[in-house]
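Worth saying up front: this structure is predicted, and the values here are computed from it rather than measured. Note: hydrogens, waters and symmetry copies are ignored here, and every other heavy atom, side chains too, is used.
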Amino acid sequence: MTINDQPSASHEQAAPEPATAPARPVALITGVGRSIGIGAGIARQLAASGWDIAFTYWTPYDRRMEWGAEDGAATSIARELAEAGARTAAIEADLTGPDAPIRIFDEAEQRLGPVTALILSHAESVDSGLLDTTVEAFDRHFAVNTRASWLLIREYGLRFRGEPGSKPGEPGAGRGTGRIVALTSDHTVGNLPYGASKGALDRITLAAAHELAHLGVTANVVNPGPVDTGWMNDELRDALTQGTPLGRLGTPQDTAHLVDFLCSPQGQWVNGQLLKSNGGAAP
């Protein structure tokens, strides 16, 4: 109907107010430094599911690894997420510093608002075994994989302002909205500091399922199994493929679909679990 077609004043009705789009919840995802990584896959999936995304990355880590740094990765990932409708905040952060979690949450909240879901996808991972791991490497693995994860979970718990859960039988029971998902690994042989620090991360995350329950927060650990994000050689790739019943390696999308479910209302009943999403691969 054009303006000239409007009914006379005596029959006019007030136009309804335009519907306000519901606010998108905010997910904070660590370890989104490369476009082919698991963290980036999770970010894309959550953005497509209606989340705004704050993510962290640390270029110096990628630069000293075999695969090298991906120039402009944070910018290109943020652009992809924006094309999916998400507001984004890319935050470069060195997680070896104990003050990094506070700064990360400060920036995420200032730019996007309160964080509803915390996804821990970062990792320090340098192969070494019982006899050749240095004290420096051991401490760095635990600083990044364990201490930083604990401090991020603690900061999340201190700041979480989502809809609280209720005890069974009370009004609103089961309406908690908070989510914590941490990515882990069962690799230990020849990879001592990585496996040990990830094992400690598991315990911290599972404790959060109980200690943060009063906030309406669920916490789970996901083991994505063998996912080739550029770190495998041909021999390892072939061996892992043959050892997986489904005859293929995992993809970032496989992990992202599970994380997406855990962060959804439908995934709320899954809590305090260590979930293997690995195609049946033997440890």
Side-chain angles (χ1 to χ4, degrees), residues 22-32 39 42-43 45-47 49-56 86-87 89 91 93 95 98-122 145-184 198 200-223 256 258-275:
R24 294 169 65 106
V26 176
L28 170 58
I29 308 171
T30 61
V32 187
I42 294 171
Q45 181 61 50
L46 290 182
S49 293
W51 293 76
D52 288 334
I53 308 294
F55 66 88
T56 73
R87 296 180 303 140
I91 305 167
L95 291 174
D99 60 341
I102 293 176
R103 183 178 70 81
I104 290 168
F105 268 90
D106 282 347
E107 187 166 348
E109 289 182 346
Q110 289 167 8
R111 295 172 63 178
L112 300 180
V115 173
T116 297
L118 172 64
I119 316 299
L120 301 174
S121 182
H122 66 276
N145 298 342
T146 307
R147 185 181 67 189
S149 298
W150 159 52
L151 292 173
L152 284 161
I153 290 173
R154 184 176 75 171
E155 200 63 27
Y156 172 84
L158 291 172
R159 299 182 186 223
F160 184 72
R161 296 294 182 269
E163 185 177 21
S166 302
K167 295 180 181 179
E170 292 183 352
R175 293 190 303 175
T177 56
R179 298 289 185 271
I180 297 171
V181 182
L183 301 190
T184 192
K198 283 290 190 174
L201 162 66
D202 297 352
R203 302 303 99 185
I204 293 168
T205 306
L206 298 180
H210 297 271
E211 295 191 24
L212 302 183
H214 66 288
L215 299 175
V217 171
T218 65
N220 293 285
V221 183
V222 170
N223 183 341
L258 177 54
V259 173
D260 186 34
F261 171 73
L262 292 174
C263 290
S264 72
Q266 292 77 18
Q268 190 218 28
W269 193 235
V270 182
N271 188 28
Q273 303 299 311
L274 198 168
L275 305 167

ask   = side-chain contact (heavy atoms from CB on, under 4.5 Å) between Trp51 and Val26: does it pass, once the steps are laid out?
value = CA-CA 6 Å; Trp51 293 76; Val26 176; 5.8 Å; no
**Message:** Tell me if a side-chain donor or acceptor on Ser49 pairs with a main-chain N or O of Leu46 at a distance below 3.5 Å.
**Reply:** no
Separation between CD1 (Ile104) and CG (Asp99), nearest 0.5 Å, reads 9.5 Å
* If only atom types and distance count, is the side chain of Gln268 paired as donor or acceptor with the main-chain N or O of Gln266 below 3.5 Å? -> no
Rounded to the nearest 0.5 Å, the CG atom of Leu28 sits from the CG atom of Leu152 at a distance of 7.0 Å
Discussion item. The test is side-chain contact (heavy atoms from CB on, under 4.5 Å); show your working for Val270 and Leu275 and say whether it passes.
Written reply: CA-CA 10 Å; Val270 182; Leu275 305 167; 4.0 Å; yes
Give the intermediate values and the outcome of side-chain contact (heavy atoms from CB on, under 4.5 Å) for residues Thr218 and Leu262. CA-CA 9 Å; Thr218 65; Leu262 292 174; over 6 Å; no
Could you check whether any side-chain N or O of Lys198 sits under 3.5 Å from a backbone N or O of Thr146, counting only pairs where one atom can act as donor and the other as acceptor? no
Residues Asn220 and Gln273: closest non-hydrogen pair is OD1-N, 3.0 Å
Closest non-hydrogen atoms of Ile29 and Ala43, given as atom of the first, atom of the second and distance, are CD1-CA, 3.5 Å
Sequence neighbours excluded, the answer for side chain to side chain donor-acceptor pair (under 3.5 Å) partners of Gln110 is none
Quick check: do Val32 and Ile42 have side-chain heavy atoms less than 4.5 Å from each other? no
Sequence neighbours excluded, the answer for side chain to side chain contact (heavy atoms under 4.5 Å, CB included) partners of Pro98 is Arg147, Leu151
Under 3.5 Å: donor-acceptor pair, side chain of Arg179, backbone of Leu118:
no
Quiz item: Less than 4.5 Å apart, any side-chain heavy atom of Ile119 and any of Cys263?
Solution: yes
Checklist entry - So do the side chains of Leu120 and His122 get within less than 4.5 Å of each other, counting heavy atoms only? => result yes
Residues pairing under salt bridge (charged side-chain N to carboxylate O under 4.0 Å, His left out) where one sits in residues 101-118, two or more places apart or in two chains, turn out to be Arg103-Glu107, Asp106-Arg159, Glu107-Arg111, Glu109-Arg159
Run the side-chain donor-acceptor check on residues 201-212: report pairs under 3.5 Å with partners two or more places apart or on a different chain.
unit_1: Asp202; atom_1: OD1; unit_2: Thr184; atom_2: OG1; d: 2.6
unit_1: Asp202; atom_1: OD2; unit_2: Thr184; atom_2: OG1; d: 3.4
unit_1: Thr205; atom_1: OG1; unit_2: Leu201; atom_2: O; d: 3.0

### Message
Quick one: does any side-chain atom of Tyr156 pair with a main-chain N or O of Thr116 as donor and acceptor, under 3.5 Å?
### Response
yes
query = With a 3.5 Å cut-off and no angle check, do the side chains of Asp260 and Gln45 form a donor-acceptor pair?
reply = yes
With sequence neighbours left out, the residues meeting side chain to side chain donor-acceptor pair (under 3.5 Å) with Asn145 are Ser197
The ring-ring contact (aromatic ring centres under 6.0 Å, His included) partners of Phe55 (sequence neighbours excluded) come to none
- Task: Report yes if the side chains of Trp150 and Pro101 come closer than 4.5 Å at any heavy-atom pair, otherwise no.
- Result: no
